[in-house]
4 protein chains.
Amino acid sequence: MNESRPRTGRPRSEQSRQAVLHAVDDLLVEVGYAALTMKGIAERAGVGRQTIYRWWSTKAEVLFEAAITDAAKELSDTPRATTIEDVVAYLDGAERFLTTSDAGLAYRVLVGEAQHDAEVARLLGSAALFEKPVHGVLTRAVDRGDIAPAVPFAEAAAILTGPVFYRALTGAARSEVPTAVLAAALLAAVRDLTH
Amino acid sequence: MNESRPRTGRPRSEQSRQAVLHAVDDLLVEVGYAALTMKGIAERAGVGRQTIYRWWSTKAEVLFEAAITDAAKELSDTPRATTIEDVVAYLDGAERFLTTSDAGLAYRVLVGEAQHDAEVARLLGSAALFEKPVHGVLTRAVDRGDIAPAVPFAEAAAILTGPVFYRALTGAARSEVPTAVLAAALLAAVRDLTH
Amino acid sequence: MNESRPRTGRPRSEQSRQAVLHAVDDLLVEVGYAALTMKGIAERAGVGRQTIYRWWSTKAEVLFEAAITDAAKELSDTPRATTIEDVVAYLDGAERFLTTSDAGLAYRVLVGEAQHDAEVARLLGSAALFEKPVHGVLTRAVDRGDIAPAVPFAEAAAILTGPVFYRALTGAARSEVPTAVLAAALLAAVRDLTH
Amino acid sequence: MNESRPRTGRPRSEQSRQAVLHAVDDLLVEVGYAALTMKGIAERAGVGRQTIYRWWSTKAEVLFEAAITDAAKELSDTPRATTIEDVVAYLDGAERFLTTSDAGLAYRVLVGEAQHDAEVARLLGSAALFEKPVHGVLTRAVDRGDIAPAVPFAEAAAILTGPVFYRALTGAARSEVPTAVLAAALLAAVRDLTH
DNA sequence: AATTAATCGAGACGGTACGTCGGGTCTTTAC
DNA sequence: GTAAAGACCCGACGTACCGTCTCGATTAATT
């Protein structure tokens, strides 16, 4: 029941698609975003330039598709015994992703592009990269009775993610405060939202 | 004993400097960062291209100089009667700056550039745009005895700024939670850091 | 004893062949040779691109096949009562063909291509477009005793065709000299070759 | 009293101009017109592509400027003792130019382009490459009393140039008729124009 | 009827030149 | 020595065609 399926002509080459995504991944790390060009991607991937333009609009879009899967995986939420451990794991994971991961570098760059490119902003928003794992953490916290069911998840996501996100993007130095202490303080703040 | 002071030749034109800064300000809003070019700035300012390159290295640098003064002014901290009012004012001011101000647009764009341009990152870090007003708020809070003197200011800045910053840069929708509630929760979290 | 005859499989589509030839004819007039592309021909003809490449090597070759029949027809020699009338008719026909006919436009374009494409030159040479009608004119002139049998036909063809050809291809304005006068002069020149 | 002279800015580089013209000259002979690209010219000349587009519209225009001086020189008319010798020299010179000279190759290619590019046609017409030397030959012939002053020079140019031009562009083989015989015949034809 | 094989339209493929745009530099004259 | 002007070399942009390569679908002649 697939609509708009082209039934004629040569089908899209999955091999070329993979080659482009890998080329973007590699080049971002090797030469940086400023030197990441469509021409360079095509040459690295051994692919015609038109083939990229045929399937993606901008290099940000390619980068998004290349990095988003890894990004989601690195931020995936693995349940811990207690809520505070869940929060600590989330904060550590988010910080590691944003500051040391290749996918995190791609994400930060895309956030940068999103500031002056609405389409990139839309793409990133649709990924809900941080919202998803936060949702898992909060859901379990509600189940355990550690926070009220009425806690607004979106606001909680901003509270839990914000500090790490702010430090990573502004380059502010990592604080001497242990993650456990920060986690406890933020969890309390989330709880306070319903008071 | 003045070093590197040019004592001969035509002096730098202050008029040209202003023209360039205003041109950047205007163009950012009018055409967006993606279409902001050195050539365009020069033409808009009625200035030779070389004149820009003589005094600034990159367009990010020009943009920084053009926007930083306004940005600092818009984020300046004006003391309120109570600590919670101080925090509310800070949060509101930061959000307004980031989401609706022209200077805030410039700042967000620069944060974006900073993700792949170390020099821009260094510039932005040196401005300590959010750290300064947070410092004022926290200092008065300590004076009033509302928070312990031992509270790590850098971490507190991340907690207070992070949620607003995260929402503004990821385009997440403003929550239904009133600023006063958020302020109270975050202030409590800051207090928790020293427990 | 037929060589290389495919005895099985789908036979060549005469309909597609005609469609291609007509498309080339039409497009040459409509968009000009510079904008005449294989892609455009295929789309106009409603034919796959491969189908063109299967049967012709270059667009010049298609153009040749598309125009040569009409060209030969337009230059065909119809006997007149006297040799001078024959020559006048030939000159008029050649000029009309080269300056106003669609087939003549195709021919001029092909002559242009032939200057840097040996294969096109070979094709054009094999058509002997002007040589054939000149041969008719001269043969009848010999029969009538108007010129000597020893007249070198190739040289005569150059003398009779050259002036018209030169004017048509260089865009030189048509002279005020009546064709009849020119014909007489050239016919005399042809006669002089054997003196 | 020069009009429209720009008095400011960097002046046009004569060195770049020469480099482009020489590159075109060389490349035409080395790789042929079909492979003569703006990109290739720029690279060969060590010049930016934009620099070419700044001063010339098409590669045909560059080729024209590169070849026209040499072409005019090779076709220049050097007076002989008698009119028949003048004509023989002209015919030999024209044939040599068209069939063996590099400038002649460029000229033939440009004639080809002119068939579907009105601008090139205009350029070539303005050069009056063959008309000029013919004018010299005819003027002296009139002075000597060998032809009537009333002879239409344009038509005479077509008669004298046409046969050689036709043979060169259609690739027809050089006839066995000696140039002297042809020259005499064509000169008689020119004379006949006023009978 | 089933099989075989070459054709067909369609359209994606890797390439390459197009003409333009912007980057950062250089070379003029004017101040 | 700085300024405006504008040409310079360079290289990426996004597009258009090139000629080739799959696809599924046709269309005969051969089994």
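Residue numbers begin at 1 in each chain, while the letters A, B, ... track the order of the sequences.
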### Pairwise distance CG(A:Leu63) to CD(A:Glu113) - rounded to 0.5 angstrom
9.0 Å
### Query
Do B:Arg17's NZ or CZ and the ring of B:Trp55 fall within the cation-pi criteria of under 6.0 Å and 45°?
no
### Query
If you draw the axis of the six-membered ring of A:Phe64, does the NZ or CZ of A:Lys59 fall within 45° of it and under 6.0 Å from the ring centre?
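No; the conditions do not both hold, so A:Lys59 does not lie above the ring face of A:Phe64.
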## Note on the structure
Within residues 13-36 of chain A, those residues having any heavy atom closer than 4.0 Å to DNA chain E are A:Ser13, A:Ser16
### Message
With the threshold set at under 4.0 Å for non-hydrogen atoms, list the residues of residues 37-68 of chain D touching DNA chain E in residue-number order.
### Response
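Listed by number, they are D:Thr37, D:Met38, D:Lys39, D:Arg49, D:Gln50, D:Tyr53.
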### Message
Between C:Arg10 and D:Arg10, which residue's closest nucleotide on DNA chain F lies nearer the 5′ terminus?
### Response
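The residue mapped nearer the 5' terminus is D:Arg10.
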Does atom [atom1] of [X] have more than 12 heavy-atom neighbours, drawn from other residues, nucleotides or ligands, at distances under 6.0 Å?
| X | atom1 | result |
| --- | --- | --- |
| A:Gln18 | CD | yes |
| B:Glu119 | CD | yes |
| B:Gln15 | CD | no |

### Task
Any chance you could lay out the side-chain hydrogen bond (donor to acceptor under 3.5 Å, both in side chains) test for B:Tyr33 and A:Gln115, step after step, and finish with the verdict?
CA-CA 9 Å; B:Tyr33 184 71; A:Gln115 304 313 311; over 6 Å; no
### Message
Tell me whether the side-chain N or O atoms of A:Thr8 pair up with the base of E:dG9 as donor and acceptor below 3.5 Å, since no angle test is needed here.
### Response
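Donor-acceptor pair under 3.5 Å: yes.
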### Task
State, with a plain yes or no, whether a side-chain heavy atom of B:Val20 is found less than 4.5 Å away from one of B:Trp56.
yes
